[in-house]
Amino acid sequence: FHKFFIEQYVIYSQNDQKLDLNIKSNNVMDLWIINITNSIANKLHQEFEEYKLYNIVPHLIHLIDNLSKWYIGFNRDRLKHRESDEDWTNSLVTLFNVLHKLNILMAPVVPFITEYMYQNLINILPENKRLKSIHLYQYFNPKQESINEDILIRFEGLANIIEMIRNIRGKHKINYKLPLKKVIIMHDDTQFLDSIKSLESYIYELNILEIEYQKTDQKQITYNITTD
């Protein structure tokens, strides 16, 4: 994703455009990746405080996975300027800010790689915020980063649904080029269904013709019990 950002930024800057890193995006996917980055930063702070160093790398891998698999995967059209100029700018600003923060978080674990990545990105930063090395940045914000838990919960539900659809395709060997006629999403919480419905555009990207939402009917649930 570091190389991907550099490629897109080179295209963006061809007309002497510069990224305003203070832009605040209202795009729900931008808000989600910022919130999950802040959430993991807070967790890392706590793990270091409690000397639970064995948890550091799993947290970083989780963030990298969310950034590459989910954020970039579902935002390629925005990042490649296939949508509006505003979306293009907002997505690139969001991706840069997350990459910069990720670099700082990874620096104690992979010092040489993060320094290399930082030197490739340093010129995008405002001059008054450029430091000679990634290792000169303060690792933790004294104040805990603010987190919107609602966005994190919504996207966790969305990710689970997408993974289930992918698993069903794989299990039944249904090619992704073949559209699914209908997907029925069931849950006993109507508020959860409403929140997923607001994000259904990402589910339709899995080549689905129709999505139907239903409240859970106990008669439609099958339980399998296996002995341990």
Side-chain angles (χ1 to χ4, degrees), residues 1 4 24-48 50 52 54-79 87 90-91 93-95 97-99 101-102 105-106 141 144-171 176 180 182-208 210-218 220-224:
F1 45 77
F4 175 80
K24 303 296 182 182
S25 173
N26 291 321
N27 179 277
V28 66
M29 188 65 86
D30 293 344
L31 294 173
W32 167 72
I33 193 63
I34 291 170
N35 272 276
I36 199 166
T37 302
N38 289 342
S39 174
I40 290 176
N42 289 344
K43 289 177 182 177
L44 288 173
H45 189 179
Q46 184 177 351
E47 303 292 10
F48 273 112
E50 298 175 0
K52 295 180 180 178
Y54 48 83
N55 288 331
I56 302 300
V57 172
H59 283 313
L60 291 172
I61 291 175
H62 180 59
L63 178 55
I64 292 169
D65 185 59
N66 278 286
L67 181 60
S68 58
K69 181 179 177 181
W70 296 103
Y71 183 75
I72 294 178
F74 281 96
N75 280 277
R76 285 189 178 275
D77 285 347
R78 296 176 66 226
L79 291 163
D87 265 327
N90 287 346
S91 60
V93 168
T94 300
L95 181 55
N97 285 331
V98 171
L99 281 175
K101 190 158 195 173
L102 177 60
L105 295 175
M106 293 196 306
N141 190 331
Q144 288 278 295
E145 300 283 3
S146 59
I147 309 296
N148 186 327
E149 294 291 346
D150 179 61
I151 289 180
L152 296 181
I153 293 170
R154 287 168 63 194
F155 268 88
E156 183 180 3
L158 175 68
N160 289 334
I161 290 169
I162 289 174
E163 287 292 353
M164 282 189 283
I165 294 172
R166 287 172 172 169
N167 290 336
I168 290 171
R169 276 189 178 274
K171 181 179 179 180
Y176 278 91
L180 298 179
K182 181 191 285 188
V183 167
I184 300 175
I185 299 174
M186 302 181 69
H187 202 277
D188 56 4
D189 185 353
T190 54
Q191 188 175 356
F192 173 84
L193 293 176
D194 289 340
S195 69
I196 295 300
K197 194 171 185 178
S198 68
L199 302 170
E200 66 180 10
S201 60
Y202 299 108
I203 303 175
Y204 275 114
E205 289 188 23
L206 301 178
N207 201 4
I208 295 165
E210 182 184 354
I211 301 174
E212 183 178 320
Y213 300 89
Q214 295 182 8
K215 193 167 183 180
T216 304
D217 183 350
Q218 293 298 324
Q220 295 176 291
I221 300 176
T222 302
Y223 295 95
N224 293 319

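Numbers here simply count residues along the sequence, with the first being 1.
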Please round to the nearest 0.5 Å and tell me the distance separating atom CG of Asp65 and atom CG of Leu60.
-> 12.5 Å

Taking the side chain as C-beta and beyond, is there a heavy-atom pair between Lys197 and Ile185 under 4.5 Å?
-> no

The side-chain hydrogen bond (donor to acceptor under 3.5 Å, both in side chains) partner of Tyr71 among Thr37, Asn66, Asp30 is Asp30

Nearest heavy atoms of Ser39 and Ile147, plus distance in Å = N-CD1, 3.2 Å

With a cut-off of under 6.0 Å to the ring centre and 45° to the axis, is Arg166 in cation-pi contact with Trp70?
-> yes

Minimal heavy-atom distance between Glu210 and Ile208, with the atoms involved, is O-CG2, 3.3 Å

One should read off an interatomic distance between Leu63 CG and Ile33 CD1, to the nearest 0.5 angstrom, of 6.0 Å

Heavy atoms, side chains only, cut-off 4.5 Å: are Leu180 and Leu206 in contact?
-> no

Within 6.0 Å of CD in Gln191, more than 12 heavy atoms from elsewhere | no

Approximate separation, where rounding is to 0.5 Å, of Ser195 OG and Ile151 CD1 = 11.5 Å

Would Asp77 and Asp87 satisfy side-chain contact (heavy atoms from CB on, under 4.5 Å), going step by step from the backbone distance to the final call?
-> CA-CA 9 Å; Asp77 285 347; Asp87 265 327; over 6 Å; no

Are Phe48 and Gln46 side-chain neighbours, meaning at least one heavy-atom pair lies under 4.5 Å?
-> no

For Glu212, the side chain to side chain donor-acceptor pair (under 3.5 Å) test, sequence neighbours excluded, returns Lys182, Gln214

Separation of Asn42 CG from His45 NE2 (nearest 0.5 Å) | 8.5 Å

Can you check whether Asn207 reaches Arg169 side chain to side chain, under 4.5 Å on heavy atoms?
-> yes

More than 12 heavy atoms of other groups within 6.0 Å of Glu156 CD | no

Stepwise, does the side-chain contact (heavy atoms from CB on, under 4.5 Å) test hold for Arg78 with Asn27?
-> CA-CA 11 Å; Arg78 296 176 66 226; Asn27 179 277; 3.5 Å; yes

Can you find a heavy atom in the side chain of Ile161 that is under 4.5 Å from one in the side chain of Ile196?
-> yes

Specify whether Phe74 and Tyr202 have parallel, tilted or perpendicular ring planes, treating 30° as the upper limit for parallel and 60° as the lower limit for perpendicular.
-> perpendicular

Asn167, CG atom: more than 12 neighbouring heavy atoms under 6.0 Å = yes

Checking side-chain contact (heavy atoms from CB on, under 4.5 Å) for the pair Trp32/Arg154: CA distance, chi angles, key distance, verdict?
-> CA-CA 9 Å; Trp32 167 72; Arg154 287 168 63 194; over 6 Å; no

Partner set under side chain to side chain donor-acceptor pair (under 3.5 Å) for Asn90, not counting sequence neighbours | none

In sequence, state the C-alpha distance, the side-chain angles, and the governing distance for Leu31 and Asn148, and then conclude on side-chain contact (heavy atoms from CB on, under 4.5 Å).
-> CA-CA 9 Å; Leu31 294 173; Asn148 186 327; over 6 Å; no

Below 4.5 Å, heavy atoms only, C-beta onward: do His62 and Ile36 meet side chain to side chain?
-> yes

Gap separating the NZ atom of Lys101 from the CD1 atom of Ile34, nearest 0.5 angstrom = 9.5 Å

Side chain to side chain donor-acceptor pair (under 3.5 Å) involving Asn55 - partner list, sequence neighbours excluded | Glu47

Nearest heavy-atom contact between His187 and Leu193 is CB-CD2, 3.7 Å

OH/Tyr213 to OG1/Thr190 distance, rounded to the nearest 0.5 angstrom?
-> 13.5 Å

